[in-house]
There are 2 protein chains.
Amino acid sequence: MSLTTNPIKILLVDDHQLFNDGLKSLLSTEQNLEIVGQVYESRNVLYEIQRLNPQLIFLDINLPEQNGIELSKIILKDFQNVKIIFLTMYADEQMLKEAKKLEVHGYILKNSSKKELLLGIETVMNGKQYFDAKIHKSAQDESNKDDLSKKFALTEREKEIIAYVKAGLDSYQIADKMSLSYLTIKTHRRNIHFKLGTTSTPELIRFANENSL
Amino acid sequence: MSLTTNPIKILLVDDHQLFNDGLKSLLSTEQNLEIVGQVYESRNVLYEIQRLNPQLIFLDINLPEQNGIELSKIILKDFQNVKIIFLTMYADEQMLKEAKKLEVHGYILKNSSKKELLLGIETVMNGKQYFDAKIHKSAQDESNKDDLSKKFALTEREKEIIAYVKAGLDSYQIADKMSLSYLTIKTHRRNIHFKLGTTSTPELIRFANENSL
DNA sequence: AATAAATTACCTCCTAAGAGGTATTTTGTT
DNA sequence: AACAAAATACCTCTTAGGAGGTAATTTATT
């Protein structure tokens with residue numbers, strides 16, 4: 001059957017040339033796959049999709065300029081018949097959540113085997129979603145992080161605000177960005193301090209950096 | 001000549017199986033190289049070196065348990081005839097400095113080409129050190145940082161205070177630590193803001209972090 | 001010895017942030 | 001439908017930080 005069907009046209013997107021080329025080399029022995037192109041810089045992705053018309057894209061998340069998350073939003077919107085599988089080293093919940101929210105077709109970790117990769121391709125090309133089993137495992141590892149998160153029990157909103165605070169914005173600017181009242185931001189900040197046991201913005205920033213919140 | 005000499009025996013150490021296998025695949029066409037082994041977990045590295053007796057190790061820095069830096073210390077001590085080339089995504093000065101301090105034989109970025117990799121192998125096997133050209137660029141970025149420091153012309157005292165601010169201390173605490181008047185700290189902070197073009201503590205911290213001040 | 005640079009220190013004024021309390025609405029879960 | 005959790009919003013009060021100006025003392029550097 002695989003002899004009669006056309007090979008699946010795949011585009012590889014990863015800024016690490018050695019990984020990108022190595023992956024191509026690794027997949028080149030597969031008869032039913034064809035690497036139609038390789039992209040090393042995010043700015044070339046959309047153009048190459050249009051030019052090469054791939055059916056499936058392996059997309060790295062951590063790209064220098066425009067990251068994979070941002071890119072996938074555009075691709076999903078503009079090229080609706082193209083499947084996207086994130087191929088990333090990030091095994092953390094945040095990324096996984098993001099990916100699932102985006103309704104991307106797959107999420108595979110770089111510490112996977114070729115076999116798993118092929119399984120992922122097959123699954124996704126059959127119209128299903130594929131999320132790396134190790135991520136579910138690491139979803140348990142997240143219980144570590146969840147321990148932290150649960151301990152401090154930061155809500156989504158609070159995490160968002162912490163990000164803005166780390167970026168150097170004051171409460172007025174944050175309120176503006178989030179289209180909320182300045183007073184609401186103040187309340188959130190107070191709650192954050194309470195949860196984390198911090199008493200000032202510099203302390204909070206330090207804490208957030210040290211615990212990579 | 002390469003027909004008469006034995007191929008260089010190489011061990012690949014990287015927890016990302018896809019990268020590791022891809023790299024093997026990529027190098028498998030080279031007649032004068034032989035991938036004698038692949039290690040995915042840092043705890044197996046020393047045993048595999050002993051067992052396989054490689055001449056050259058490609059070592060990832062960012063390994064889960066024991067990282068590449070730690071590992072290389074042991075390897076350099078216990079297997080003095082083995083060459084080590086870091087193969088990493090980190091292009092920052094800190095890592096480079098670390099590597100140079102360790103007197104490791106090479107440092108190549110993952111966003112390199114096969115050609116560069118082969119050049120690195122050749123250079124190192126000829127007894128020289130090889131540091132990725134792209135890192136020298138980032139080494140120039142260091143001079144940017146020096147430029148930055150000069151541009152912003154921060155004095156010793158100012159840098160000290162920035163460190164305390166980053167640590168989350170307020171001006172009173174800093175004054176106490178430095179045995180100075182609170183008012184003096186305020187003056188220094190004002191001067192720092194003036195020099196860096198910042199207007200608030202969070203901004204300052206962000207700036208300092210981004211420019212590793 | 002003279003000059004520049006760095007460090008120390010104080011004053012006033014204004015505003016953002018922290019501390020404390022309260023309350024409504026929205027969202028999610030059983 | 002009922003309840004808990006999260007998000008939104010306001011009030012008052014106090015204090016630390018930022019903006020402006022000024023100046024004495026110490027340390028380099030010529």
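Proteins come first, then strands; the chains are lettered A, B, ... in the order of their sequence lines, and each starts at number 1.
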By nearest-nucleotide position on DNA chain D, the 5'-leaning member of B/His193 and B/Arg190 is B/His193
Whole-Å distance, B/Ile185 CD1 to D/dG18 P, equals 13 Å
Whole-Å distance, B/Arg157 CZ to D/dA28 P, equals 12 Å
Check: Under 4.5 Å between any side-chain heavy atoms of A/Leu117 and A/Leu26, yes or no?
Finding: no
Regarding the side chain of A/Lys186, the nearest nucleotide among C/dA19, C/dT7, D/dG17 is C/dA19
Rounded to whole Å, CZ of B/Phe194 lies from C1' of D/dA19 at a distance of 12 Å
* Salt-bridge test for A/Glu48 and A/Arg51: reply yes if a basic N is under 4.0 Å from a carboxylate O, no otherwise. => yes
Rounded to whole Å, the CD-C1' distance (A/Glu156 to D/dT8) equals 17 Å
(request) Kindly say if B/Arg189 contacts the phosphate of D/dG17, meaning a side-chain N or O under 4.0 Å from OP1 or OP2. (result) yes
Check: For B/Glu160 and B/Arg157, what are the C-alpha separation, side-chain angles and deciding distance, and is it a salt bridge (Lys or Arg N to Asp or Glu O under 4.0 Å)?
Finding: CA-CA 5 Å; B/Glu160 251 184 282; B/Arg157 250 355 195 194; 3.1 Å; yes
Taking 4.0 Å as the cut-off, does a side-chain nitrogen or oxygen of A/Thr201 come that near to OP1 or OP2 on C/dA16? no
Taken to the nearest whole Å, CG/A/Asn191 to C1'/C/dA19 is 12 Å
Considering only heavy side-chain atoms of A/Ser181, the closest of D/dC10, C/dG18, D/dA7 is D/dC10
Of C/dA17, C/dC10, D/dG18, the nucleotide closest to the side chain of A/Ser171 is C/dA17
Of D/dA7, D/dA16, C/dC10, the nucleotide closest to the side chain of B/Tyr172 is D/dA16
Strictly below 4.0 Å: does A/Thr184 bring a side-chain N or O up to OP1 or OP2 of D/dT8?
no
Considering every strand and a 4.0 Å limit on heavy-atom distances, what is the contact class for B/Leu180: base, sugar-phosphate, or nothing?
sugar-phosphate
| message | Working note: A/Lys24 + A/Asp21, criterion side chain to side chain contact (heavy atoms under 4.5 Å, CB included); need CA distance, chi angles, decisive distance, verdict. | response | CA-CA 5 Å; A/Lys24 187 189 179 179; A/Asp21 294 352; 5.5 Å; no
Here the distance between atom C1' of D/dG18 and atom CG of A/Asp170, to the nearest Å, is 12 Å
5'-most contact on DNA chain C (nearest-nucleotide basis), B/Pro202 vs B/Ser179, goes to B/Ser179
Do any side-chain nitrogens or oxygens of B/Tyr182 fall under 4.0 Å of OP1 or OP2 in C/dA9? no
Taken to the nearest whole Å, NZ/B/Lys195 to P/D/dA19 is 16 Å
query = So, is B/His188 near the phosphate of C/dT7, with a side-chain N or O under 4.0 Å from OP1 or OP2?
reply = no
To the nearest angstrom, the CG-C1' distance between B/Leu183 and D/dA23 comes to 13 Å
For a 4.5 angstrom cut-off between non-hydrogen side-chain atoms, does A/Asn53 reach A/Phe79? no
